[in-house]
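Here the structure is laid out as structure tokens; the discussion comes afterwards.
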Amino acid sequence: MKKFVSLIIAALYAALLGTSVFAQSAGFKGEDRVSPARTPYDKSYVEIRFSTGEAQTAGVPLAYKEFLISPTGNKIHKIDEKTGKTVVSAELSEKVSEDFSGAIINDVLFQPARTMIFAVDLEDINVKFSKQVGEITTDISAADDLIYFGVKNDDGYSFICADASHDLETVWEYKCESPVTSAGLFGEYVIFGSGEKLVCHSKAENDFKENEIGGIITNVYAGKYAVFMTAEGGTLYKVRLEADGSAEKDSLMSLKIGGELSAPAESENKLFVSSTNGFYAVDALNMDVIKAYPELKNGCEPIISTGSGFRAYVVAPVVSEGKWYLYSVLDNNDELTLSEIVKIFDFTNGKTAVSDSGIMYFRDANGQIYALAIRENDIFTIILKLVIFIAIIVFLVLILRAWIKKHSDKTPKF
């Protein structure tokens, strides 16, 4: 009985989890990029909910509550996720960055432009303040009222931690000669790459640890138990960190894939990465290729979903058709199968985001954003709701029976 009740509780928890998502808005390259949202799983049940107009300068979209935040030109648009209608917009004094993402903290968006960061209140879309910081070269990440980003200046490069609650006053700065990567968050350490070094900075103390990796790092990704990196020349690296931020002895592992690699994504000991040579699923424990998809060349950064069964998504071009496809890589009893979900005309340098309700947003090469979602009244959704309803009824009946039995045992027998 107890085991059965536990299974029911686990099933209900999993079902409820499938309608939520870990916050992507913090901007860190790591577990916050893993989405347990009910993302599309079959092209038969998928619909384009809406699309925005094209834009010559379009930034990276972000999901915020029941809205899509769309940086376009020198404006920030707040768009209703159901209708696609713009609710309100804010005007900036500089055009938004097309390559680098902002981050949301305490309902405030910190949006990168070319040389400035704008703090935009997302409730009413007002610019609270802005600051000139230099040429921005990374995504912005946020945690504990602090934001993190990289810049290029006359002296080289810097990775900066700034106080979001005090007009972006610099808290600490790491200066270097090599470009820095966007940040990851691994335990108590903010991590980023600089040249061949994985740099770890303690959140609690002003202390840096520099770990030599052996390749020029292009992306970092903070997994649950290890840090994964891509490097120039098409090499994947994995390293475990000690409590002080230094590399654990003999833990550095590498895998040569070749080509130019995207930022990786990892969950459940599976690591996915796009390359100019193809798309790869890697055993994150042993750093061996599980399966290669050489036909999926030049794909985007993968998205991992765990809401309705583990799967990865990638958008990659089909040269013969002159189109791009969104693909789903389904993990069914460790068998990886590939299926095409929807066509996208041109996703060169495209960007993605996932909302709390499972809507997937795609910004294409023309600055147009497509909102892709499961049809609201599809068969799968109806069956899922019915299963959840039955499970709740069964659970309540079991609880009631257990309560009656417990109290009936205490009834005096005559």
Side-chain angles (χ1 to χ4, degrees), residues 23-30 32-33 55-64 67-78 89-122 125-143 145-154 156-174 179-185 190 192-194 218-220 263 300-301 349-353 361 363 367 369:
Q24 297 185 70
S25 55
F28 286 106
K29 298 293 186 182
D32 49 61
R33 294 286 181 178
Q56 288 186 340
T57 304
V60 182
L62 285 174
Y64 168 72
F67 299 98
L68 166 67
I69 303 301
S70 172
T72 305
N74 66 331
K75 292 185 177 180
I76 302 293
H77 302 290
K78 185 177 181 181
S89 301
E91 190 165 335
L92 313 178
S93 59
E94 188 174 280
K95 287 186 177 180
V96 301
S97 170
E98 296 182 61
D99 300 315
F100 304 116
S101 172
I104 299 171
I105 182 170
N106 298 329
D107 297 319
V108 176
L109 166 68
F110 291 89
Q111 173 64 41
R114 190 180 69 84
T115 63
M116 301 178 68
I117 295 177
F118 294 88
V120 182
D121 188 321
L122 292 181
I125 305 294
N126 281 330
V127 178
K128 299 180 63 163
F129 63 87
S130 61
K131 185 173 183 179
Q132 195 91 27
V133 295
E135 183 182 344
I136 299 172
T137 59
T138 71
D139 294 336
I140 293 177
S141 307
D145 286 326
L146 300 174
I147 69 168
Y148 306 88
F149 57 93
V151 297
K152 180 181 179 181
N153 46 50
D154 295 337
Y157 296 87
S158 290
F159 186 89
I160 296 171
C161 170
D163 191 337
S165 60
H166 289 84
D167 297 337
L168 300 187
E169 177 183 332
T170 298
V171 177
W172 54 262
E173 181 177 3
Y174 178 88
V180 295
T181 71
S182 297
L185 186 62
V190 174
F192 56 95
S194 174
T218 53
N219 295 285
V220 298
C300 73
E301 178 180 331
N349 298 321
K351 301 295 181 181
T352 62
Y361 298 107
R363 191 215 70 191
I369 300 174

Grab the two heavy atoms, one from A183 and one from V220, that are nearest each other, plus how far apart they are. C-CG2, 4.3 Å
Tell me the closest heavy-atom pair linking A162 and L168, and the distance in Å. CB-O, 3.7 Å
Do any N or O atoms from the side chain of S70 and from the backbone of H77 form a donor-acceptor pair under 3.5 angstrom? no
Taking it one step at a time, do T57 and E98 satisfy side-chain contact (heavy atoms from CB on, under 4.5 Å)? CA-CA 6 Å; T57 304; E98 296 182 61; 3.7 Å; yes
First locate atom CD1 of I117, then atom CZ of F110, and finally report the distance between them rounded to the nearest 0.5 Å. 8.5 Å
What pair of heavy atoms forms the shortest contact from P61 to L68, and how long is it? CB-CD1, 3.8 Å
Measure from the side-chain N and O atoms of K152 to the backbone N and O of G134, and report whether any donor-acceptor pair falls under 3.5 Å. no
Run the side-chain hydrogen bond (donor to acceptor under 3.5 Å, both in side chains) check on S165 and D163 step by step: do they pass? CA-CA 5 Å; S165 60; D163 191 337; 2.7 Å; yes
In terms of heavy-atom contacts, S101 and D139 come closest through N-OD1, 2.8 Å
Measure the spacing between CD of Q111 and CE of M116 and express it to the nearest 0.5 Å. 12.0 Å
When every non-hydrogen atom of A142 is compared with those of A103, the smallest separation belongs to CB-CB, 3.9 Å
Rounded to the nearest 0.5 angstrom, the CD1-CD1 distance for I147 and I140 is 5.0 Å
Verdict with supporting geometry, Y64 and L109, side-chain contact (heavy atoms from CB on, under 4.5 Å): CA-CA 10 Å; Y64 168 72; L109 166 68; over 6 Å; no
Given the rule in the side-chain contact (heavy atoms from CB on, under 4.5 Å) test, do I160 and V133 qualify, once you have shown the distances and angles that lead to the verdict? CA-CA 9 Å; I160 296 171; V133 295; 5.5 Å; no
Treating K95 as the side-chain partner and R114 as the backbone partner, does any N or O pair qualify as donor plus acceptor under 3.5 Å? no
Neighbour count above 12 (heavy atom, 6.0 Å) for Q56 CD: no
Qualifying residue for side-chain contact (heavy atoms from CB on, under 4.5 Å) with I76, from V96, N126, V127: V96
Please check if atom NZ in K128 has more than 12 non-hydrogen atoms from other residues, nucleotides or ligands closer than 6.0 Å. no
Interatomic distance, OH@Y174 vs OG@S158, rounded to 0.5 Å, equals 10.5 Å
R363 (side chain) donor-acceptor with G59 (main chain) under 3.5 angstrom: yes
For T181, does its backbone N or O pair with a side-chain atom of T138 as donor and acceptor, under 3.5 Å? no
Nearest heavy atoms of A353 and A63, plus distance in Å: CB-N, 4.4 Å
Can a donor-acceptor pair be found, under 3.5 Å and without considering hydrogens, that links the side chain of E94 to the backbone of T115? yes
Would you say N74's side chain and L92's backbone share a donor-acceptor pair under 3.5 angstrom? yes
Mind telling me whether F28 and Y148 have parallel, tilted or perpendicular rings, with 30° and 60° as the class edges? tilted
What is the distance from atom CZ of F100 to atom CD1 of I136, rounded to the nearest 0.5 Å? 9.0 Å
Return yes if some donor-acceptor pair links the side-chain N/O of K75 with the main-chain N/O of S89 below 3.5 Å, else return no. no
Quick one: pull up CZ in F118 and CD in E91 and give me the separation to the nearest 0.5 Å. 10.5 Å
